[in-house]
Amino acid sequence: MFEAGDIREWRGHDVVDDQGKKIGFLESVYVDTATDQPAFATVTIGIPTRRRLVFVPLGGATVGPSYLQVRYPKAQVKDAPWIGTDGELLAAQEAAVFAHYELAYQTGSGGERRLARR
């Protein structure tokens, strides 16, 4: 797994899918609030006048010389829940992000959010 400090340095680098197809550019990293470990990234996709940020899990991701490779296909990532380039992930949207990738979702014992942007 990546160290949160290290992966933030990859902001703006290409993000590619499990087959090496370019998806977009790494925008930001979201950590799991329970562990403070990188859990999801947002990827900038779309044409310049219609850009958006889609979420992709970082579990199993690897880095190359100038890219971050995720273990999900491009089509699945592009269909993932998204926010505007100046938006933020709302607490009510977190479960949908996890569900899109068939990952278990559970809030903290006091109902705390699961993801935090770093």
Side-chain angles (χ1 to χ4, degrees):
M1 184 51 74
F2 302 100
E3 292 299 321
D6 295 334
I7 198 168
R8 277 194 303 263
E9 296 172 11
W10 285 82
R11 187 173 180 204
H13 286 261
D14 290 344
V15 175
V16 298
D17 74 358
D18 58 341
Q19 301 297 311
K21 296 177 188 170
K22 183 177 174 182
I23 300 170
F25 302 99
L26 180 67
E27 163 55 30
S28 59
V29 175
Y30 284 74
V31 297
D32 184 320
T33 57
T35 64
D36 205 36
Q37 293 296 310
F40 280 84
T42 53
V43 180
T44 304
I45 64 168
I47 59 175
T49 58
R50 300 173 108 184
R51 292 200 190 273
R52 64 187 191 272
L53 302 174
V54 293
F55 289 84
V56 63
L58 290 173
T62 57
V63 293
S66 61
Y67 62 86
L68 172 70
Q69 185 171 28
V70 296
R71 64 182 187 110
Y72 296 91
K74 181 177 181 176
Q76 184 178 11
V77 176
K78 287 196 164 209
D79 287 340
W82 60 274
I83 58 174
T85 55
D86 60 351
E88 68 178 67
L89 180 65
L90 301 176
Q93 296 171 308
E94 285 187 357
V97 171
F98 281 79
H100 181 75
Y101 294 101
E102 299 178 0
L103 299 172
Y105 176 76
Q106 184 175 350
T107 60
S109 59
E112 298 90 2
R113 293 187 68 156
R114 180 79 183 272
L115 298 174
R117 184 176 174 178
R118 297 277 191 237

Pairwise salt bridge (charged side-chain N to carboxylate O under 4.0 Å, His left out) hits with a residue in residues 51-79, at least two apart: none
What donor-acceptor contacts under 3.5 angstrom involve side-chain atoms of residues 21-28, with partners at least two apart or in another chain?
unit_1: Lys22; atom_1: NZ; unit_2: Asp14; atom_2: OD1; d: 3.4
unit_1: Glu27; atom_1: OE1; unit_2: Arg11; atom_2: NH2; d: 3.1
unit_1: Glu27; atom_1: OE2; unit_2: Arg11; atom_2: NH2; d: 2.9
unit_1: Glu27; atom_1: OE2; unit_2: Arg117; atom_2: NH2; d: 3.1
unit_1: Ser28; atom_1: OG; unit_2: Thr42; atom_2: OG1; d: 2.7

hydrophobic_cluster_shared for Leu58 and Leu103, side chain cutoff 4.5 Å: yes
Nearest atoms (heavy-atom pairs only) where Val29 meets Pro38: CG1-CB, 3.9 Å
Test item: Gln69 side-chain N/O and Ala61 main-chain N/O as donor-acceptor pair under 3.5 Å: no
Other cluster members, Leu90 - Ile/Leu/Val/Met/Phe/Trp/Tyr, side-chain contacts below 4.5 Å: none
Over all atoms of both residues, closest heavy-atom pair of Val54 and Ala80: CG1-O, 4.0 Å
Partners passing side-chain hydrogen bond (donor to acceptor under 3.5 Å, both in side chains) against Arg113 (at least two apart in sequence or in another chain): Glu94
Ring pair (Phe, Tyr, Trp, His ring centres under 6.0 Å): pairs with one or both residues in residues 76-118, sequence neighbours excluded: Phe40-Phe98, Tyr72-Tyr101, Phe98-Tyr105
Qualifying salt bridge (charged side-chain N to carboxylate O under 4.0 Å, His left out) pairs with a residue from residues 100-109, counting only residues at least two apart or across chains: none
Partners passing side chain to side chain contact (heavy atoms under 4.5 Å, CB included) against Thr35 (at least two apart in sequence or in another chain): Asp32, Gln37
Considering all heavy atoms, the nearest Pro81-Ala96 contact: CG-O, 3.6 Å
Asp17 vs Val77 side-chain heavy atoms within contact, under 4.5 Å: no
Minimum heavy-atom distance Ala39-Leu115, with the two atoms named: CB-CD2, 4.0 Å
Val56 reachable from Ile83 in the ILVMFWY side-chain graph, under 4.5 Å edges: yes
Ile45 side, atom CD1; Leu53 side, atom CG - distance, nearest 0.5 Å: 8.5 Å
Trace of the side-chain contact (heavy atoms from CB on, under 4.5 Å) decision for Tyr30 with Val97: CA-CA 12 Å; Tyr30 284 74; Val97 171; over 6 Å; no
